[in-house]
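Notes for the one structure printed next.
These numbers were taken from a predicted model, which means no experiment stands behind them. Naming: A, B, ... by sequence-line order, numbering from 1 per chain.
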Protein chains: 2
Amino acid sequence: MSEAEVDRLFQAFSDATRRDIVRRVTVGEYSVSGLAALYAMSFAAVQKHVAVLVRASLVTKEKRGREQIVRGNHEGLDKARRLLDEYEAIWRQRAERIADILAEG
Amino acid sequence: MSEAEVDRLFQAFSDATRRDIVRRVTVGEYSVSGLAALYAMSFAAVQKHVAVLVRASLVTKEKRGREQIVRGNHEGLDKARRLLDEYEAIWRQRAERIADILAEG
DNA sequence: GTATTCTACAACCAAATGGTTGTAGATCAG
DNA sequence: CTGATCTACAACCATTTGGTTGTAGAATAC
């Protein structure tokens, strides 16, 4: 996973609206306009948030009739999960090591 | 943990230089100029990156003589760890549920 | 057919980002 | 005291971000 990919991932998560979109589309199916109806902002603004999530490989868009269905991207979400798990593990180790050092003194 | 805090956390992690700074200062001690020497950018630029990490509660700065020592902020890092762990858990659940749904069909 | 709905995309705007240089204050070394 | 070092901060710049409105094309409804 390249540094640029990681950049895009964290950047995509750095907005509450986008985090909410990810939560919703990993459970159910939403069209872009279906999502747009949920937030106090324009359709175009939501469209842009979805585009950011697509670029970060967290969601996919699939055309169905005149609608565009947004779904969680399993592969991307799993990559994200593994990345966060890795970070979590590294920091847990470090926290333990620091605790040990403090215990020595 | 407020949405704004989560925003700042992910935003802080969305830059490779900042992720590297966090890695380093959770292990050892670095002055701001010590960090600045590591990257192909100006001292002021690194100063700004450190400021972003301070705002996100991931590192602290402590004055020692004429230097400013940057260290990992245990509390902030632990909050981040727990947050990522939570996300990781949610997504693992969802991945399992999706797998079940696919298995049914 | 016409009207409506859903989407895409451009243009625009204000604010934030990520970088720069330059100036000035503190601290330390000699 | 003088000079070097470390830091802070302001000013500036280009680009990105997060939002807006408006226009136009495709698909559906009637």
Any side-chain heavy-atom pair of [X] and [Y] under 4.5 Å:
| X | Y | answer |
| --- | --- | --- |
| B/Leu83 | B/Glu5 | no |
| A/Val25 | A/Arg71 | no |
| B/Met1 | B/Leu9 | yes |
| B/Phe13 | B/Leu58 | yes |
| A/Arg23 | A/Asp20 | yes |
| A/Leu77 | A/Val22 | yes |

When you compare the protein's N or O atoms with those of nucleotides 8-11 of chain C, which come within less than 3.5 Å of each other, and at what distance?
{"unit_1": "C/dA8", "atom_1": "OP1", "unit_2": "A/Lys61", "atom_2": "NZ", "d": "3.2"}
{"unit_1": "C/dA8", "atom_1": "OP1", "unit_2": "A/Gln68", "atom_2": "NE2", "d": "2.5"}
{"unit_1": "C/dA8", "atom_1": "OP2", "unit_2": "A/Gln47", "atom_2": "NE2", "d": "3.2"}
{"unit_1": "C/dA8", "atom_1": "OP2", "unit_2": "A/Lys61", "atom_2": "NZ", "d": "3.4"}
{"unit_1": "C/dA8", "atom_1": "N7", "unit_2": "A/Gln47", "atom_2": "NE2", "d": "3.3"}

Separation of [X] atom [atom1] from [N] atom [atom2], in whole Å?
| X | N | atom1 | atom2 | answer |
| --- | --- | --- | --- | --- |
| B/Phe10 | C/dA16 | CZ | P | 21 Å |
| B/Arg8 | C/dA16 | CZ | C1' | 14 Å |
| B/Glu67 | C/dC28 | CD | P | 9 Å |
| B/Ile69 | D/dC6 | CD1 | C1' | 11 Å |
| B/Tyr30 | D/dC6 | OH | P | 16 Å |
| A/Tyr39 | D/dG18 | OH | C1' | 15 Å |
| B/Met41 | C/dT17 | CE | P | 16 Å |
| A/Glu62 | C/dC6 | CD | P | 18 Å |

The residue, A/Val46 or A/Arg64, whose nearest nucleotide of DNA chain D is more 5′ is A/Val46

Ranking A/Val52 and B/Gly34 by the position along DNA chain D of their nearest nucleotide, the one closer to 5' is B/Gly34

Has [X] got a side-chain N or O lying under 4.0 Å from the OP1 or OP2 atom of [N]?
| X | N | result |
| --- | --- | --- |
| A/Arg18 | D/dG18 | yes |
| B/Ser42 | C/dT20 | yes |
| A/Thr17 | D/dG18 | no |
| B/His49 | C/dG19 | yes |

For DNA chain C, which consecutive runs of 3 or more Watson-Crick or G-U pairs (each distance under 3.5 Å) count as stems?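 In DNA chain C, stems of three or more pairs: C:1-30 with D:1-30.
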
Starting from the C-alpha separation in whole Å, work towards a yes-or-no answer on side chain to side chain contact (heavy atoms under 4.5 Å, CB included) for A/His49 and A/Tyr39. CA-CA 11 Å; A/His49 281 306; A/Tyr39 309 105; over 6 Å; no

With the side chain defined as heavy atoms from C-beta on, B/Lys63 is closest, among C/dT7, C/dT27, D/dC6, to C/dT27

Which of D/dT7, C/dA29, C/dG19 is nearest the side chain of B/Arg66? It is C/dA29

Exercise for the section: Report, as yes or no, whether the 6.0 Å neighbourhood of atom CD on A/Glu3 holds more than 12 heavy atoms from other residues, nucleotides or ligands. Expected result: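 Counting neighbours around CD of A/Glu3, more than 12 heavy atoms of other residues, nucleotides or ligands fall under 6.0 Å, so yes.
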
Under 3.5 Å donor-acceptor, B/Arg18 side chain and B/Gln11 backbone
yes

Worksheet item: Do side-chain atoms of B/Glu67 reach the backbone of B/Arg64 as a donor and acceptor pair under 3.5 angstrom?
Response: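 No, the answer is negative, given that no donor and acceptor are paired below the 3.5 Å cut-off.
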
